[in-house]
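Throughout, protein chains are lettered first and strands after them, A, B, ... in sequence-line order, and every chain is numbered starting at 1. All heavy atoms count here, side chains included; hydrogens, waters and symmetry mates do not.
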Amino acid sequence: MSSATASEGTLSIGEIRTGLLGHSSQLSMAETVRLLDLVPGEQVRHAAYPRAYAVSPQRLAGIDCFMPSRSGRHVRGVGTFATRATLTGGLIVQTCSHTTLVPSSRQYRREWSHYLATPGVVEYLGRLRLDDAAEGFAQAENGHLNIEMGRTAESTVFNLQRSRLLDGKQPLHAPLGRWRWALQPVRDNGDPGLYRFTVLPEGTRLIRLAVVWPDVSDLLDLVEDLALHDWLLDFVSRQIERARPGSGDLDRTLQHIGPVIDHLLHHWMPKARVQPGLYGLWDAFDRFQGLTRQWDLTINRIRDHVALNSLRLVLRTESEWSGLG
Amino acid sequence: MLVIATSDKGGTGRSVTTCNVAYRRAIQGDDVCYLDFDFGSPTAGAIFGVERMTHGTQAEDGLHRYLQGKTVTPGYVDIWSESRRPPGTGPRPTGAGNLVLYPGDLGGGEFTAKPEVIERCAELLLLLQSQFSVIFIDLSAGRSHAAEMILTVTAREKRISDTRWLVFHRWTRQHISAAADLVFEERGLLEFGHLFGHDRDELRRRIRFVRTAVIDPKIDQGLLGLRPEQEAWLRQVDKGLNEQANIAGLGRTSVIATVPVDPVLQWREQLITDEDVYAEIANETTVDAFATLAANLDEPAAWSRL
Ligand SMILES: Nc1ncnc2c1ncn2[C@@H]1O[C@H](COP(=O)(O)OP(=O)(O)O)[C@@H](O)[C@H]1O
Ligand SMILES: [Mg+2]
């Protein structure tokens with residue numbers, strides 16, 4: 001539905017929340033579709049390959065407020081932002097609220113039907129400094145966000161988690177991953193165009209990218225995929241840290257690592273939902289942040305650990321047998 | 001797991017103890033959150049050392065407002081990055097889990113347990129349950145609307161299943177009988193719980209008592225500078241209190257922790273860190289009591305004997 005296109009003078013911004021559904025197993029595709037049916041009469045899009053993935057229709061919220069700013073400038077904007085939810089592997093839930101800021105052709109606010117005709121677009125009235133807006137939204141620690149899409153993204157997770165389809169018996173408790181992003185279109189000059197990636201002390205990720213890609217909905221897929229893998233890596237490495245492998249406390253280790261192996265590892269599938277034309281951007285991010293490198297290390301650590309413990313068990317059993325004989 | 005901290009009176013040490021237990025549980029590796037439902041006096045911000053929330057949040061998005069439907073999501077604070085206790089905590093200690101505070105509202109006051117409020121409370125707990133392995137709730141003292149709300153939610157929402165109640169009281173004659181009343185008497189937890197749909201025996205099995213700021217005549221003798229006669233007298237009092245507690249239903253099997261009186265906590269409400277113990281400012285026995293209680297929250301042996 002996102003009909004917005006990114007072109008010069010525009011800025012796409014948004015917030016993503018990533019977490020685990022409160023449910024004992026993966027939802028089937030039929031259940032997934034029911035869960036994501038946020039807008040009556042509109043379709044939930046879904047695919048089974050390369051892995052189960054579904055996207056809800058978008059919900060709109062109207063706004064008339066100041067635009068984000070680093071410096072505290074007051075530029076008014078009117079329009080809508082859109083929120084969608086996705087479910088990956090019947091288990092990982094993401095909500096994304098986003099909008100694209102475009103210059104208005106008039107200096108006054110128009111009737112709502114005008115804004116509703118282009119959902120997920122906010123028209124700014126006046127001179128917006130895009131760098132200042134992008135920095136205020138997704139780089140500065142204390143920028144003026146002004147558009148509170150984070151709350152909407154988060155309350156959408158609230159609504160999904162209380163669904164009667166879920167049994168509340170999740171095998172793992174995972175913190176919500178919080179991403180705030182700003183994408184600025186640029187002319188193609190061969191530059192991968194990664195601007196800034198900031199992790200706030202409490203864990204929120206801020207990302208600013210420059211892109212040559214015009215289709216905002218493709219860009220959403222890209223940022224959601226990055227957020228998902230970043231969250232997955234963060235969560236799995238913390239589970240391992242917590243499992244204290246090598247501490248000799250086998251029960252503790254298994255209690256933390258077991259569910260990760262059973263439920264999460266196989267969801268690592270970089271770029272599965274990204275347009276091939278945007279692979280370069282994914283890879284550039286990966287080069288800077290070392291996602292894949294860290295993931296490989298982490299997985300190897302888990303494998304070695306599991307292998308070592310199996311060996312220990314075998315040896316223990318053998319010595320018990322020989323003790324008997 | 002949902003851990004609900006309550007007490008009949010204020011000033012029992014409920015908030016200070018619960019904050020410290022939450023802190024210990026996070027250090028032990030769990031993702032932990034702390035909900036300040038003590039709308040009359042939301043002190044958790046102060047105890048966790050978050051200066052801007054000494055008396056609850058001013059951002060108008062605290063739990064109180066969330067439950068009233070005035071904000072769609074409640075605000076929260078990451079303790080590891082925002083606390084100045086322990087000084088310059090910085091990042092999370094290795095192996096520790098998240099520690100997140102959902103503050104109450106500054107001057108929030110009381111509220112009523114209307115159906116929408118109960119619904120919102122259930123939603124919040126379901127959401128947090130997917131993110132945290134232990135959720136602490138600091139309830140207001142006595143028979144409150146907050147208590148009514150939690151009793152209702154835990155009775156109705158079957159998906160919030162693993163609930164444990166901690167009833168805090170000081171080690172005095174008055175406090176013992178007040179705590180017993182809060183649980184067993186008319187309009188007490190069990191009676192109200194039953195009214196809202198709990199099975200009385202099942203609820204009873206989920207309640208344990210925590211004795212706070214307890215003076216141990218033997219250990220604290222030096223600390224307090226007791227003469228032998230005074231120690232003997234204290235011992236006598238202690239014996240009397242134990243008898244009273246047994247009769248009131250607060251005897252050994254229903255006590256999950258005894259927290260000794262601590263010099264630091266007598267002066268200030270705060271987290272006690274291992275550094276405080278190394279510096280010999282705080283007592284090791286206090287930290288031990290917090291850590292043991294944290295570990296015992298889901299230790300079957302601590303909950304099986306009733
Ligand atoms: N173990 C303890 N030793 C000494 N003082 C304590 C102890 N626990 C709590 N206190 C003190 O008792 C007072 C009341 O504690 P608080 O946690 O605010 O109680 P409540 O939440 O029940 O009202 C505070 O000044 C606190 O520092
Ligand atoms: Mg208190």
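- Counting heavy-atom pairs under 4.5 Å between each of A:Pro201, A:Gly150, A:Ala174 and chain B puts A:Ala174 at the top.
- Within the 3.5 Å criterion, the main-chain N or O of B:Val72 finds no donor-acceptor partner in the side chain of A:Glu154.
- With a 4.5 angstrom heavy-atom cutoff, A:Ser163 touches chain B only via backbone atoms.
- Contacts between B:Ala122 and chain A at a heavy-atom distance below 4.5 Å are absent for every atom of the residue.
- Interface residue A:Leu172: only backbone heavy atoms are found under 4.5 Å from chain B.
- A:Arg301 CZ: 12 or fewer foreign heavy atoms inside a 6.0 Å radius.
- For chain A, the nearby part of B:Glu157 is the side chain; its heavy atoms alone come within less than 4.5 Å.
- Between B:Ser130 and A:Leu20 the shortest side-chain heavy-atom distance does not fall below 4.5 Å.
- For B:Ser161, no part lies under 4.5 angstrom from a heavy atom of chain A.
- We find the NZ-CD distance between A:Lys169 and B:Gln129 to be 10.5 Å, quoted to the nearest 0.5 Å.
- At a 4.5 Å heavy-atom cutoff, B:Leu99 makes no contact with chain A through either its backbone or its side chain.
- Crowding of A:His305 atom NE2: a count of heavy atoms from other residues, nucleotides or ligands under 6.0 Å exceeding 12.
- In this structure, the portions of B:Leu124 lying under 4.5 Å from any heavy atom of chain A include both its backbone and its side chain.
- Atom CD of B:Glu284 has 12 or fewer neighbouring heavy atoms from other residues, nucleotides or ligands inside a 6.0 Å radius.
- Closest heavy-atom contact between A:Leu176 and B:Gln131: CG-NE2, 3.3 Å.
- Here the side chains of B:Leu126 and A:Phe158 are not in contact, with every heavy-atom distance at 4.5 Å or above.
- The CD atom of A:Glu148 lies 8.5 Å from the CG atom of B:Asp61; values are rounded to the nearest 0.5 Å.
- Using a 4.5 Å heavy-atom cutoff, the side chains of A:Arg162 and B:Arg120 are not in contact.
- Evaluated for a side chain to side chain contact (heavy atoms under 4.5 Å, CB included) with B:Asn98, the options A:Glu202, A:Arg238, A:His173 yield exactly one hit, A:Arg238.
- Heavy-atom pairs under 4.5 Å with chain B peak, among A:Arg151, A:His23, A:Gln161, A:Gln170, at A:Arg151.
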